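As a basis for the values below, the full set of heavy atoms in this structure was taken, side chains included, without hydrogen atoms, waters or symmetry mates. Chain letters run A, B, ... following the sequence lines, proteins first and then strands; every chain starts at 1. Treat the numbers as computed from the prediction; the structure is a model and nothing was measured.
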There are 2 protein chains.
Amino acid sequence: MFDGIRQYYQELIPKLSDEEWQQLENRLVIESYPKGSLVCREGENCKGVYYIHKGLARLYYTVDGREICTGFAKEGEYLSEYDSFLTQSPASQSMDVLEDTIAINLPYEKMQDLYRNYPIFNQAGRKIAEGLFILISRYNTRLLTLSPEDRYQYIIDNQYHLIQRVPQYMLASFIGISPEHLSRIRKKMTR
Amino acid sequence: MFDGIRQYYQELIPKLSDEEWQQLENRLVIESYPKGSLVCREGENCKGVYYIHKGLARLYYTVDGREICTGFAKEGEYLSEYDSFLTQSPASQSMDVLEDTIAINLPYEKMQDLYRNYPIFNQAGRKIAEGLFILISRYNTRLLTLSPEDRYQYIIDNQYHLIQRVPQYMLASFIGISPEHLSRIRKKMTR
DNA sequence: CTTTTCCATTAACATATATCAAGAAGCCAA
DNA sequence: TTGGCTTCTTGATATATGTTAATGGAAAAG
């Protein structure tokens, strides 16, 4: 069950000892979410960082009753409303799951506890934050520098699993356009 | 000269010792940039993280010969093309200075050196990455959930110094609109 | 199996915002 | 002071993209 996470951390901290891993493992919480259920609602404090063991989760804003997706995480990936998690303040995005999902949660307090008592985890925390920064930064770059068509092409080339597992109207908002416009772009591209 | 930085780090690492601070200080490089000069050109590897001692710096994409600003840093703030810095790969954004600027640079190799030999700096690195994540994440939130007018109002309310020190056409691209459109928004708002 | 709900497509139309172009205003240099 | 940049404003026009609405098919639910 924890193999994936352990490997993940061992890449972040090559010299992680068995004792330290054990301390981390003791603090992990396995959680199960049926398709469509919320992991965190906008306005609540995000309670943890979630390693997706199985399934698919999504991060999104709700604006005027409309949803704008900004991220997805499948098996082996992490997801969190990390701003809310770090600052323990109300989340501006919600998280839900698009498929039945098993997540492994590292709750906020346990993580702080880990930082305090086993400082080596600061190294992991640093690399996780750096990785998330790079992720959002590149997402930003694509939104600001590519055309809608090129943004869709990027997903085809680099995140094809999303095309297979995520409804098109969610991908449209992820790309920053309306579902109708994405449909037209797709039509144009197949010609 | 280094007072600002030292205070900055001491907030990130409350138990930073004199010895450790000395190690950091030894690795800092003071650099001077005349108004308009480049700190890092798109395509080059970003060489460091820059603490702005005096002046004002800017981060921006160049798309079809047009500039799109994504961030500014004034005295007491940090700036870097952090993706490029972390991965030591070509930057997708350039950095330049809008006023005569003195920056204190912590170069990549020295920072890695610090992480290796004084692991406590991982804690600072973590908090810096977390802070940058929060910064870009909130910028993203504003771009995706606010109207152009509200994005401009946000700057008035929260970053008024930018209005005083940054040309309006740069703010327009920072907000994600054309200079002409910002001019019209301003006209409308004063009514 | 049906029935219902959800989702993708398509077309007609609306609109926010960009683009182009010209002039005015401020600012710096000589 | 004068001229030349740079920046801001304003108007006319263009266009990409959104909106609304209708249809049909696929998937889920019963």
Side-chain angles (χ1 to χ4, degrees), chain A residues 33-37 55-56 58 60-69 72 96-101 142-156 160 162-191, chain B residues 34-37 56 58 60-69 72 96-100 142-156 160-191:
Chain A
Y33 295 93
K35 176 174 177 174
S37 62
L56 181 62
R58 164 180 79 134
Y60 63 97
Y61 298 98
T62 306
V63 184
D64 306 329
R66 228 167 277 232
E67 295 172 354
I68 303 176
C69 306
F72 302 92
D96 67 2
V97 302
L98 305 182
E99 305 171 1
D100 290 341
T101 294
R142 273 174 264 135
L143 279 182
L144 293 172
T145 67
L146 298 183
S147 68
E149 182 165 339
D150 289 347
R151 299 201 290 272
Y152 184 65
Q153 187 63 50
Y154 177 86
I155 294 180
I156 294 177
Y160 197 76
L162 294 182
I163 304 226
Q164 298 168 313
R165 295 169 76 177
V166 175
Q168 203 169 295
Y169 73 93
M170 287 186 191
L171 285 184
S173 75
F174 183 59
I175 291 171
I177 60 177
S178 69
E180 295 86 347
H181 191 53
L182 177 55
S183 179
R184 285 189 277 254
I185 285 176
R186 278 164 48 79
K187 188 180 182 185
K188 194 172 127 212
M189 286 172 70
T190 55
R191 267 204 325 260
Chain B
K35 176 174 177 174
S37 62
L56 181 62
R58 162 179 82 132
Y60 63 98
Y61 298 98
T62 306
V63 184
D64 306 328
R66 229 167 276 232
E67 294 172 354
I68 303 176
C69 305
F72 302 92
D96 68 2
V97 302
L98 305 182
E99 305 171 359
D100 290 341
R142 274 173 264 134
L143 279 182
L144 292 173
T145 68
L146 299 183
S147 68
E149 183 165 338
D150 289 348
R151 299 201 291 271
Y152 184 65
Q153 187 63 50
Y154 176 88
I155 294 179
I156 293 177
Y160 198 76
H161 63 279
L162 294 182
I163 303 227
Q164 298 168 311
R165 295 168 77 176
V166 175
Q168 202 168 296
Y169 72 93
M170 287 187 191
L171 286 183
S173 75
F174 183 58
I175 290 171
I177 59 178
S178 68
E180 293 89 342
H181 192 53
L182 177 55
S183 177
R184 288 183 190 111
I185 284 176
R186 278 164 48 81
K187 189 181 182 186
K188 194 173 127 211
M189 286 173 70
T190 56
R191 265 206 325 261

Worksheet item: In whole angstroms, how far is the P atom of D:dA28 from the CG atom of A:L98?
Response: 13 Å
Item to complete: Just call it for A:P179: base, sugar-phosphate, or nothing, with non-hydrogen atoms closer than 4.0 Å on any strand.
Response: nothing
Item to complete: Measure the shortest side-chain to side-chain distance between B:I175 and B:I155 over non-hydrogen atoms and say whether it is less than 4.5 angstrom.
Response: yes
Item to complete: Side chain of B:H181 only, please: which of C:dA8, C:dT17, D:dG11 is the nearest?
Response: C:dT17
Response to the item:
Between B:R184 and B:V166, whichever has its closest DNA chain D nucleotide further toward 5' is B:V166
Worksheet entry | Length of the line joining A:I175:CD1 and D:dG18:P, which is rounded to integer Å | 11 Å
Worksheet item: Rounded to the nearest Å, what distance is computed from the NZ atom of residue B:K187 to the C1' atom of nucleotide D:dT7?
Response: 17 Å
Worksheet item: Heavy atoms, side chains only, cut-off 4.5 Å: are A:I156 and A:M189 in contact?
Response: yes
Fill in: Least distance between heavy atoms, B:M170 atom then B:V166 atom
CB-CG1, 3.6 Å
Practice prompt. Using whole Å, report how far CD1 of B:I163 lies from P of D:dC8.
Written response: 11 Å
Fill in: Minimal non-hydrogen separation, B:S173 against B:C69, with atom names
OG-N, 2.9 Å
Discussion item. Measure CG/A:D64 against P/D:dG18 and give the value in whole Å, please.
Written reply: 14 Å
Worksheet, complete the sentence: With the side chain defined as heavy atoms from C-beta on, B:S178 is closest, among D:dT7, C:dT19, C:dA8, to C:dT19
Fill in: Gap between atoms CD and P, on B:Q168 and C:dC27 respectively (whole Å)
13 Å
Worksheet item: Taking OH from B:Y169 and P from D:dT6, how many angstroms apart are they, rounded to a whole number?
Response: 9 Å
Fill in: Whole-Å distance separating the CD atom of B:E180 from the P atom of D:dA12
15 Å
Worksheet item: Between C:dT19, D:dT7, D:dA28, which one does the side chain of A:K35 approach most closely?
Response: D:dA28
Worksheet item: Closer than 4.0 Å, any side-chain N/O of B:R66 to the OP1 or OP2 of C:dT19?
Response: yes
Worksheet item: Within the structure shown, what part of the strands sits under 4.0 Å from B:I177 by heavy-atom distance: base, sugar-phosphate, or nothing?
Response: sugar-phosphate
Practice prompt. Side-chain contact test, heavy atoms from C-beta onward, threshold under 4.5 Å: evaluate it for A:Y152 versus A:R186 and give yes or no.
Written response: yes
